[in-house]
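Remember, it's 1-based here, ligands and their atoms both numbered in the order they're listed.
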Amino acid sequence: MQKAKDLIKIIRREAKKHGTPLMIISKDALKAQYSLFKRFLPDVFPYYAIKANPNPEIIKFFADLGAGFDVASANEMKLVLTIGAKPEKIIFANTVKSDKDISFARKNNVKLMTFDNEPELYKIAKNCPGARVLVRIKVSNIGSLVELSLKFGADPEQALPFILKAKKLGLKPVGVAFHVGSQCTDATNYIQALEMSAAIFREAKQNGIKLNILDIGGGFPIKHFDKDNHINFETLASKIRKELKRLFDKDTKFIAEPGRFFAGPAGLLITKVVGRTFRNNKNYYYLDDGIYQDFSGIVFDHCKYQFNAIKRGHKFLSTLAGPTCDSFDTISQSEELPELEVGDIVYVKNIGAYSCASAVPGFNGFQPAKIILI
Ligand SMILES: Cc1ncc(COP(=O)(O)O)c(C=O)c1O
């Protein structure tokens with residue numbers, strides 16, 4: 001987002017206008033992430049994974065920019081369709097779907113979906129005959145913040161039998177999908193996954209099936225801390241680009257499902273200290289947002305955040321906790337923060353993904369942050 005001074009001005013202005021907790025989504029940052037993706041992966045069409053942040057205004061913003069959408073359920077599909085997404089720009093990228101949700105996809109002409117097991121193929125064939133399917137394979141998720149291969153992905157040697165089965169059932173096996181785990185900072189995960197996918201493309205061809213879509217999933221990393229020095233998107237993308245060129249035919253269509261990378265850097269969360277005490281030899285600050293609200297990513301996303309105060313001064317070891325009556329609602333045990341008073345602001349940058357998306361509305365009567373786009 002903006003330079004430090006401008007940022008503080010915005011924080012003060014918007015907190016005064018809207019109150020706290022407040023989640024500001026920067027349209028400039030959404031646009032910047034989208035443009036960066038297009039610039040460094042020009043041959044890869046992005047389907048924004050709305051699970052990262054399903055805010056309707058964000059969806060509309062990406063729809064207007066021309067993005068497609070990755071949805072995980074009929075409800076997410078309904079949301080993007082209502083906002084105006086075209087069915088041909090939607091991928092139903094949950095490898096396990098209910099009969100009801102698959103039928104909903106068929107009724108709404110969403111015909112591209114992923115699978116990673118045989119029973120799913122029977123379900124798809126029954127509820128959405130002729131669907132175009134991508135077999136999702138299990139790939140290495142080493143070092144990623146969220147390990148997705150624990151739950152998803154066929155063993156690569158199962159891919160060909162599944163592709164042949166799909167064809168037999170009247171479906172259109174069109175390609176391969178994978179996910180290297182969210183916030184992937186090890187390029188090797190992508191490179192190995194691309195090699196494995198290319199081998200499956202070759203095997204399918206030898207068996208008379210020409211695959212033409214490769215879905216490289218999500219996982220593109222962002223900076224959660226100013227001092228993060230892991231591989232940046234630009235470097236990672238140039239490695240991926242080279243491999244795509246080397247391993248796949250010219251007519252292959254490449255797609256991706258970025259979630260965190262599109263929404264994360266755009267989010268700025270503003271909270272206020274609603275209480276303070278001194279216990280266990282440290283400062284305890286109770287904020288108006290917590291684990292059950294916009295810091296839910298600490299639990300579900302395994303994410304750590306950089307907490308910033310506007311106030312300056314000598315820093316002390318501090319605990320940050322949320323507003324509920326649950327001691328689990330402890331945000332961090334060890335932050336270096338200046339002496340804060342009730343009413344002081346604590347803010348977090350780059351928190352637009354997997355934060356409000358998994359917040360619990362109304363636990364103990366506390367609501368997640370109001371969301372505004374500016
Ligand atoms: C199938 C699928 N696609 C895309 C994403 C988005 O991943 P990311 O936020 O790492 O880009 C996820 C995240 O869980 C996912 O499960």
Looking only at non-hydrogen atoms, which of Lys151, Glu257, Arg260 approaches atom 4 (C) of ligand 1 most closely?
Glu257

Closest by any non-hydrogen atom to atom 6 (C) of ligand 1: pick that one out of Tyr48, Tyr354, Phe261, Phe220.
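Answer by nearest heavy atom: Tyr354.
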
For Ser355 and Asp294, which I'm curious about, is there any donor-acceptor pair between the side chains at under 3.5 Å?
no

Any side-chain donor paired with an acceptor under 3.5 Å for Asp326 and Tyr292?
yes

Determine the interplanar angle of the Phe233 and Phe37 rings, folded into 0 to 90°, and report it as parallel if under 30°, tilted if 30 to 60°, perpendicular if over 60°.
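The arrangement is parallel - the two ring planes meet at less than 30°.
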
Classify the angle between the aromatic ring planes of Phe62 and Tyr48 as parallel (below 30°), tilted (30 to 60°) or perpendicular (above 60°).
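The rings of Phe62 and Tyr48 sit tilted, inter-plane angle from 30° to 60°.
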
Give the residue and atom name of whichever protein heavy atom lies nearest to atom 16 (O) of ligand 1, and the separation in Å to one decimal.
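Ranking protein heavy atoms by distance from atom 16 (O) of ligand 1, first comes Lys51 NZ, 3.8 Å.
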
Honestly, for Ala49 the part within reach of ligand 1 (heavy atoms, under 4.0 Å) is side chain

Quick one: does any side-chain atom of Lys123 pair with a main-chain N or O of Lys97 as donor and acceptor, under 3.5 Å?
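It does hold such a pair.
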
Going by the order shown, which atoms of ligand 1 are within less than 4.0 Å of some heavy atom of [X]?
X: Gly218; result: 7 (O), 10 (O), 11 (O)
X: Asp70; result: 2 (C), 3 (N), 4 (C)
X: Gly259; result: 6 (C), 8 (P), 9 (O), 11 (O)

Among all residues two or more places apart in sequence or in another chain, which pass the side-chain contact (heavy atoms from CB on, under 4.5 Å) test with Lys242?
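Checked Lys242 against side-chain contact (heavy atoms from CB on, under 4.5 Å); zero matches.
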
